[in-house]
Amino acid sequence: MIPTSFEYTRAASVDDALTKLRATTGEGKLIAGGHSLIPVMKLRLSQPGTLIDIARIPELSGIRRTGGKLEIGAGTVHHAVASSAMLQQDCPMLVETAASIGDPQVRNRGTLGGSLAHADPSADYPAAMLALDADIHVKGPNGARVIKARDFFRGLFNVDLAADEIIVAVQFAPVRTAAYAKLYQRASHFAIVGVAAALDVNNGVVASARIGVTGASSHATRLTEVEAALAGKPLNAATIEAASRSAGAALEDINSDIHASREYRRAMVPVFTQRALLAALERAS
């Protein structure tokens with residue numbers, strides 16, 4: 001199928017995009033890379049009257065340090081994240097997460113903000129944002145606000161973002177003791193199960209842990225039972241193995257599809273939790 005007819009316009013700034021979006025009176029959609037929106041338009045599951053192109057807004061792109069944190073503009077493409085020397089130094093987990101997304105075409109067009117706003121249950125970035133305890137900055141007609149990643153992902157394709165708001169950037173503290181591991185679909189590289197783990201370590205002891213899982217259920221979520229099992233324990237392979245055994249036990253809405261059954265996904269959550277944590281341990285060493 002082909003999409004229904006629509007108008008197209010390009011925004012020059014975030015404020016311009018918000019103005020154009022408001023003028024569509026609910027019939028407009030924002031588009032950057034288009035890898036999420038265009039397929040559903042072709043299926044006519046979405047029929048916007050106007051597409052507002054935000055891909056070339058300068059203020060939405062770039063990776064920078066600000067106030068002791070790392071900030072990535074929402075319009076930054078996956079390839080820029082995967083090839084960033086700054087992130088490789090300060091947050092290598094996010095580099096490997098971006099590098100595992102799709103194929104070169106997807107990585108060169110798809111954007112961080114688009115992935116977060118769409119919140120596909122098998123997308124990679126949501127798990128990483130949870131592990132990084134990221135702040136998601138959005139802007140709308142009523143001004144700017146900041147949402148913690150743990151509060152942003154609410155359900156299947158459901159996030160804390162109004163139809164008239166735009167994700168502007170994400171911010172998070174640098175962390176090197178972190179890693180991402182995933183079992184992926186061979187054709188699309190979407191996660192069947194993906195786990196992002198970030199650890200705060202003091203003198204060889206886990207002060208705190210943040211572990212996000214994607215692909216397993218309706219939306220990315222924290223594996224709080226594993227985080228609790230790690231806290232206060234020495235960071236070693238034995239601790240990781242013991243803590244990983246319970247990974248995903250509390251998940252209720254496990255996905256099941258042609259790629260993997262519910263039972264298989266549940267079985268893989270502990271496996272890839274352990275792999276992500278062991279990779280983080282290697283970085284700590």
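Remember, it's a predicted structure, so these values are computed and weren't measured experimentally. Note that the numbering runs from 1 along the sequence shown for the chain.
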> Between Ile101 and Leu132, is there shared hydrophobic-cluster membership here, with clusters defined by ILVMFWY side-chain heavy atoms closer than 4.5 Å?
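Linked within one cluster.
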> Run the side-chain contact (heavy atoms from CB on, under 4.5 Å) check on Ile211 and Thr224 step by step: do they pass?
CA-CA 7 Å; Ile211 303 170; Thr224 54; over 6 Å; no
> To check you understand the geometry: which heavy-atom pair defines the closest contact between Val81 and Ile63, and what is its length?
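Heavy-atom minimum between the residues: CA-CD1, 4.0 Å.
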> Kindly give the heavy-atom pair with the smallest separation between Ala127 and Ala220, and that separation in Å.
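For Ala127 versus Ala220, the nearest heavy atoms are N-CB, 4.0 Å.
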> With the 4.5 Å side-chain cut-off for hydrophobic clustering, are Leu21 and Ile57 part of the same group?
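Result: yes, single cluster for both.
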> Please tell me whether His78 and Tyr125 form a close aromatic pair, meaning their ring centres lie under 6.0 Å apart.
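They qualify: ring centres under 6.0 Å apart.
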> Should Ser122 and Ile192 count as side-chain neighbours, where that means a heavy-atom distance under 4.5 Å?
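In short, these two side chains do not touch, never coming nearer than 4.5 Å.
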> For residues Leu230 and Leu277, determine if any side-chain heavy atom of one lies less than 4.5 Å from a side-chain heavy atom of the other.
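A side-chain contact under 4.5 Å exists here.
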> Is Val138 close to Ile166 at the side-chain level, that is, under 4.5 Å between some pair of heavy atoms?
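SC-SC contact between Ile166 and Val138 ruled out.
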> Does Gln47 have more than 12 heavy atoms from other residues, nucleotides or ligands lying within 6.0 Å of its CD?
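Result for CD/Gln47: enclosed.
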> Hydrogens and angles aside, do Tyr184 and Arg186 bring a side-chain donor and acceptor to less than 3.5 Å of each other?
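Yes, side-chain donor-acceptor contact under 3.5 Å.
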> Has Lys20 got a side-chain atom pairing as donor or acceptor with Asp15's backbone, closer than 3.5 angstrom?
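Flag not set: sc Lys20 to bb Asp15 has no pair under 3.5 Å.
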> If you measure from the Lys or Arg side-chain nitrogens to the Asp or Glu carboxylate oxygens, is any gap between Glu227 and Arg222 under 4.0 Å?
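Salt bridge present between Glu227 and Arg222.
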> Taking atom OG of Ser13 and atom CD1 of Ile54, what is their separation to the nearest 0.5 Å?
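CD1 of Ile54 is found 11.5 Å from OG of Ser13.
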> In Å and rounded to the nearest 0.5 Å, what is the CG to OG1 distance from Leu51 to Thr9?
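The OG1 atom of Thr9 is 10.0 Å from CG of Leu51, to the nearest 0.5 Å.
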> Between Asp16 and Ala12 (side chain of the first, backbone of the second, donor and acceptor by atom type, cut-off under 3.5 Å), is there such a pair?
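It does hold such a pair.
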> Does a salt bridge link Arg283 with Glu96, judged by any charged N lying under 4.0 Å from a carboxylate O?
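Salt bridge: yes.
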> With distance as the sole test, does Asn158 use its side chain to make a donor-acceptor pair with the main-chain N or O of Arg154 at under 3.5 Å?
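Absent.
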> Ignoring hydrogens and geometry beyond distance, is a side-chain donor-acceptor pair present between Ser285 and Glu282 at under 3.5 Å?
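Side-chain D/A pair, Ser285 to Glu282: absent.
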> List the steps, then state whether side chain to side chain donor-acceptor pair (under 3.5 Å) holds for Ser188 with Gln185.
CA-CA 6 Å; Ser188 68; Gln185 302 172 20; 2.8 Å; yes
> Given Ser100 and Lys182, is the side-chain contact (heavy atoms from CB on, under 4.5 Å) satisfied, shown in steps?
CA-CA 9 Å; Ser100 75; Lys182 76 169 175 175; 3.4 Å; yes
> If the threshold is 4.0 Å, N to carboxylate O, is there a salt bridge linking Asp133 and Arg150?
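So Asp133 pairs with Arg150 through a salt bridge.
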> Quick one: does any side-chain atom of Arg107 pair with a main-chain N or O of Ala82 as donor and acceptor, under 3.5 Å?
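No: the side chain of Arg107 does not pair with the backbone of Ala82.
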> Verify the cluster assignment for Phe172 and Phe153: are they in a single hydrophobic cluster under the rule of side-chain heavy atoms below 4.5 Å apart?
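Phe172 clusters together with Phe153.
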> Check whether any side-chain heavy atom of Met129 sits under 4.5 Å from a side-chain heavy atom of Leu116, and report yes or no.
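Yes - at least one pair of side-chain heavy atoms lies under 4.5 Å apart.
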> Using only atom types and a distance under 3.5 Å, with no angle test, would you say the side chain of Asp124 pairs donor to acceptor with the backbone of Thr97?
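Flag not set: sc Asp124 to bb Thr97 has no pair under 3.5 Å.
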> In this structure, which one of Thr4, Ile38, Val40 forms a side chain to side chain contact (heavy atoms under 4.5 Å, CB included) with Ser46?
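Among Thr4, Ile38, Val40, the one meeting side chain to side chain contact (heavy atoms under 4.5 Å, CB included) with Ser46 is Val40.
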> Is there a donor-acceptor pair closer than 3.5 Å between any side-chain N or O of Arg10 and the backbone N or O of Ile52?
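No: the side chain of Arg10 does not pair with the backbone of Ile52.
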> Got a donor-acceptor contact below 3.5 angstrom from the Thr50 side chain to the Lys29 backbone?
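Such a contact is absent between Thr50 side chain and Lys29 backbone.
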> Take Glu27 and Phe6 through the side-chain contact (heavy atoms from CB on, under 4.5 Å) test and state the conclusion after the steps.
CA-CA 10 Å; Glu27 296 298 318; Phe6 57 87; over 6 Å; no
> Is a donor on one side and an acceptor on the other found under 3.5 Å between the side chain of Arg210 and the backbone of Ala131?
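Pair found, side chain donor or acceptor close to backbone of Ala131.
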> Rounded to the nearest 0.5 Å, how far does CG of Leu130 lie from CG of Leu223?
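Reported value, rounded in 0.5 Å steps: 9.5 Å.
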> For Lys42, I'd like to know if atom NZ has over 12 heavy atoms of other residues, nucleotides or ligands within 6.0 Å.
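Incorrect, the count does not exceed 12.
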> Can you tell me how far apart CG (Leu18) and CG (Asn142) are? Round to the nearest 0.5 Å.
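Rounded to the nearest 0.5 Å, the CG-CG separation comes to 10.5 Å.
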> Taking a hydrophobic cluster as the set of Ile, Leu, Val, Met, Phe, Trp and Tyr residues connected by side-chain heavy atoms closer than 4.5 Å, whether directly or through intermediates, do Val205 and Ile240 fall within one such cluster?
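No, Val205 and Ile240 fall in different hydrophobic clusters.
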> How long is the span from the CG atom in Asp151 to the CG atom in Asp160, to the nearest 0.5 Å?
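Reported to 0.5 Å precision, the distance equals 7.5 Å.
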> Identify the heavy atoms of Gly215 and Arg265 that sit nearest to each other, and give their distance.
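Residues Gly215 and Arg265, closest heavy atoms: O-NE, 3.0 Å.
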> CG of Asn203: more than 12 outside heavy atoms within 6.0 angstrom?
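Open.
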> Any non-hydrogen side-chain atom of Thr111 less than 4.5 Å from a side-chain atom of His35?
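SC-SC contact between Thr111 and His35 ruled out.
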> So do the side chains of Leu87 and Pro92 get within less than 4.5 Å of each other, counting heavy atoms only?
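Counting from C-beta outward, Leu87 and Pro92 never come under 4.5 Å.
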> Which heavy atom of Ala237 sits nearest to which heavy atom of Leu281, and what is that distance?
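Answer, listing the atom of Ala237 first, then Leu281: N-CD2, 3.9 Å.
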> Is any side-chain heavy atom of Val159 closer than 4.5 Å to a side-chain heavy atom of Ile147?
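Sidechains of Ile147 and Val159: no contact.
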> Passes side-chain contact (heavy atoms from CB on, under 4.5 Å), Ile2 versus Arg44? Steps please.
CA-CA 8 Å; Ile2 60 174; Arg44 300 198 176 183; 4.0 Å; yes
> Where the side chain of Asn236 meets the backbone of Thr239, is there a donor-acceptor pair that is under 3.5 Å apart?
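Answer holds: yes.
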> Which heavy-atom pair separates Ser217 from Leu251 by the least distance, and what is that distance?
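Nearest heavy atoms, Ser217 then Leu251: OG-CD2, 4.3 Å.
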> Should Asp135 and Arg145 count as an ion pair when the cut-off is N to O under 4.0 Å?
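No.
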> Is the backbone N or O of Glu71 less than 3.5 Å from a side-chain atom of Arg65, with the two atoms forming a donor-acceptor pair by type?
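No; zero donor-acceptor contacts below 3.5 Å.
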> Should Leu70 and Ile72 be counted in the same cluster of Ile, Leu, Val, Met, Phe, Trp and Tyr side chains packed under 4.5 Å apart?
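Linked, Leu70 and Ile72 end up in one cluster.
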> Atom CZ in Arg64, atom OG in Ser61: separation rounded to 0.5 Å?
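Here the interatomic distance stands at 8.5 Å.
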> Is Thr273 close to Val213 at the side-chain level, that is, under 4.5 Å between some pair of heavy atoms?
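SC-SC contact between Val213 and Thr273 ruled out.
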> Which of these passes side chain to side chain contact (heavy atoms under 4.5 Å, CB included) with Pro121: Asn255, Thr214, Asp257?
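Of Asn255, Thr214, Asp257, side chain to side chain contact (heavy atoms under 4.5 Å, CB included) with Pro121 is met by Asn255 alone.
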> Where is the tightest heavy-atom contact between Phe157 and Asp120, given as atom of each residue plus distance?
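Closest pair (atom of Phe157, atom of Asp120, distance): CE2-CA, 3.6 Å.
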